[in-house]
Amino acid sequence: MTYRHACYILPQVVLLDAADRNSDLREAALNTAAASASLRTQRVAFTQMVQLLGVQGARLGELTPAGDKNTVYDVKNGSWDDLPGTRARGTGDGPVADEAVNQAFDNAGKTRDFYSEVLQRDSIDAEGMELVSSVHFDRDFDNAFWDGAQMVYGDGSGRILAKGSLTRDLSVVAHELTHGVVQFTAGLRYSKQSGALNESFADALGSVVKQWAANEKASEADWLVGEGILGTELKGVALRSMKEPGKAFEGDPQPGHMRDYVDLPDDNNPRNDHGGVHINSGIPNKAFYVAATRLGDHSWKKAGPIWYDALANKLRPNSQFKDAAEATVASAAALYGDDQDVAKTVRSAWEEVGVL
Ligand SMILES: [Zn+2]
């Protein structure tokens with residue numbers, strides 16, 4: 001099967017479950033699921049071009065005007081064929097009247113600053129690629145995603161996801177842009193364990209961006225992805241909890257230990273979530289949380305750089321959980337070799353979740 005996908009913040013299974021519980025929600029869920037399905041079949045995943053055809057990130061950058069680092073478009077409730085939409089705000093422009101535009105712009109800018117200042121990475125492709133975001137995708141669309149080349153945000157129906165919440169939340173924006181970083185580094189295949197690692201790196205580094213922007217210590221952070229973005233029909237605090245996988249909302253399917261690993265097929269059934277990529281990501285998520293809190297201080301000082309080094313220099317498209325565990329231990333030793341406790345702490349985190 002050809003490898004193509006978009007990285008959604010909200011797994012389709014949550015939409016479908018919500019529709020099962022409440023028939024009033026069926027229209028909202030089906031609208032979002034149907035619009036998502038057309039992406040799956042129509043749009044070419046840039047990952048495949050980047051990884052298989054050797055298309056360089058800089059070539060993608062050439063398609064945009066020089067100097068543009070961060071541009072937000074308004075797709076005005078249009079769909080795939082209308083992307084990216086009308087240019088609403090770009091580098092050097094002041095705020096506009098539309099809050100969604102300003103939020104997408106500011107949060108993409110913060111994420112770019114984090115990668116540049118903390119990890120010395122120039123944008124998602126390390127070559128200064130422009131960050132492109134489109135807001136107001138479709139109508140009442142309950143999702144946000146990275147489509148292989150740009151960020152796309154729905155407005156939320158208010159029932160499954162809160163209206164206007166997707167651009168507002170830095171962890172959502174940083175999560176999606178980190179999918180771009182994954183695409184240009186390890187290229188983790190979006191299926192089963194490698195897909196769950198793709199999701200987990202997006203959650204982990206997305207959380208580090210959020211903590212960095214808030215200047216929070218690992219021990220002070222909430223470790224929630226999408227805090228406050230749930231609509232009225234989902235009972236809970238966030239989309240995911242890295243500290244307590246499975247506790248973010250009622251019906252949260254994430255395990256936090258290998259003994260509870262959910263073995264699902266990667267087929268075309270959206271309930272199976274590409275083989276549980278948003279489900280089993282709870283296990284490496286918990287490992288990151290444990291490592292970051294045991295290492296102490298700020299997560300962007302040691303834990304973030306260790307995970308990033310493993311992603312950028314050690315992992316491959318088909319890497320599995322064990323490979324990620326060994327890679328992060330090796331990265332810890334390489335980066336902080338003078339302090340053996342760092343690598344030991346990273347190992348202990350993976351042992352705690354049953355991967356090592
Ligand atoms: Zn994702």
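All ligand and atom numbering here is 1-based and tracks the order in the structure. Keep in mind that the numbers below use all heavy atoms, side chains included, and drop hydrogens, waters and symmetry copies.
Less than 6.0 angstrom separates the ring centroid of F137 from the ring centroid of F145.
Within the 2.8 Å limit, E176 places no N, O or S atom next to the Zn ion (ligand 1). Using a cut-off of 2.8 Å, one finds that H278 contributes no N/O/S atom close to the Zn ion (ligand 1).
For the pair R87 and Y73, the cation does not sit on the ring face, since its NZ or CZ is not both under 6.0 Å from the ring centre and inside 45° of the axis.
Taking a cutoff of 4.0 Å between a charged side-chain nitrogen and a carboxylate oxygen, R159 and D140 do not qualify as a salt bridge.
Closest approach between the Zn ion (ligand 1) and any N/O/S atom of E199 involves OE2.
One side chain, Y115 or T178, offers a donor N or O that lies under 3.5 Å from an acceptor on the other.
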